[in-house]
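Encoded as structure tokens, the structure appears first; notes follow it.
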Amino acid sequence: MKVLGGPASQLLGSRVAREIGCELAIVEFKQFPDGELYLRVTEELDGDTLVVQSTTSNDDIVYLLQLIDAASDGYLRVVIPYFGYARQDKRFKLGEPISARAIAQTIGADEAYVVNIHDPASLDYFQLRSGKKAVSLSAARLIGTHLKSMEFTSPLLIAPDEGATALVSDVSQAMGCEFDVLVKKRVTSEHVEIQPKTVDVDAREVIVVDDMISTGGTMAEAIKLLRGQGARQVHVACIHPVLSLNARLRLYRAGVDSIIATDTIEKAESVISVAPLIKDGIEGR
Ligand code: R5P
């Protein structure tokens, strides 16, 4: 099997190839003056290919489709560590597309893997040519193990909203630490208000965990609230560090101690690699 790392996942693609012990192919990418994208796999494939490419931008989606087409002759596994548009997984208002479905249906592969997709129900939108079901792998255990290695003295995990409860519960099991949940109300697309639950965070190291940090609005409110309640340290951890716009400024201004994330999106904060998770997911199939 050869691994093709897309432009958004060069590091993770390389780590996956090393983890599995197979060859990493060289792919060239470029953009034409009119904005169209081009890529070329510079070597022959052996009929068994693994594509790794997150879709954090529209260009990433085009590159993913090009990689799939370039490798479509043999057996093809596609890993989309961060599957963009996953939050538009329903028709919330009349006339809207189900964007997650529109994109999932373009994935012409034999197997597809994503990491902590926003809602696992979206996996049914993939129509794989083998008839197999797409798989969402959970990085909760990797995050829990990493947090445990930080050797906090009195840690408490917090889910910033009820939607994050299952994830935080899984992280807490791996870490061996208790958790609680805050209640979130979204006011606009960029602003959220958080109503505190009765959480005694005084003098504790609090780690707020969510599937993704996008604008940082959810986390910034949580950090301020927890600081106000006397938390000694407040860290944030997420699977997908989207960190759009001025998210980092908002988090540090709110008083965060550190931002911890995985490499489903390759950012400075991506200190946990999901490569072992992808290896286990593929080999366990
Ligand atoms: C929401 O459903 C997600 O789990 C995250 O809480 C949300 O996407 C974070 O967005 P932001 O960083 O913009 O508040």
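By convention here, the first residue in the shown sequence is residue 1. For ligands, and for the atoms within them, numbers begin at 1 and follow the listed sequence. Note that the coordinates shown come from a computational prediction; the quantities given were computed from them, not determined experimentally.
- Here the straight-line distance linking atom CD of Glu43 with atom CD of Glu23 works out to 5.5 Å at 0.5 Å rounding.
- Closest to atom 4 (O) of ligand 1 by heavy atom, among Asp161, Asp211, Leu251, is Asp211.
- Annotation: Glu44, atom CD; neighbour count of heavy atoms from other residues, nucleotides and ligands within 6.0 Å does not exceed 12.
- Under the 3.5 Å distance criterion, with hydrogens and angles disregarded, no donor-acceptor pair is assigned to the side chains of His240 and Asn116.
- Short contacts between ligand 1 and Ser214, defined as distances under 4.0 Å to a heavy atom of the residue, involve ligand atoms 10 (O), 11 (P), 12 (O), 13 (O).
- Heavy atoms of Gly163 stay at 4.0 angstrom or farther from ligand 1.
- Counting heavy atoms closer than 4.0 Å to ligand 1, residue Met212 contributes atoms from both its backbone and its side chain.
- When the heavy atoms of Thr218, Val242, Thr215 are ranked by distance to atom 14 (O) of ligand 1, first place goes to Thr218.
- Between Glu205 and Thr153, the side chains place a donor N or O and an acceptor N or O closer than 3.5 Å (distance only, hydrogens not considered).
- For Arg87, the closest heavy-atom approach to ligand 1 falls below 4.0 Å.
- Geometrically, ligand 1 and Ile213 share no nitrogen or oxygen pair separated by less than 3.5 Å.
- A pairwise comparison of heavy atoms in Ala140 and Ile239 identifies N-CD1, 4.5 Å as the closest pair.
- Environment of CZ in Phe179: crowded, with over 12 heavy atoms of neighbouring residues, nucleotides or ligands closer than 6.0 Å.
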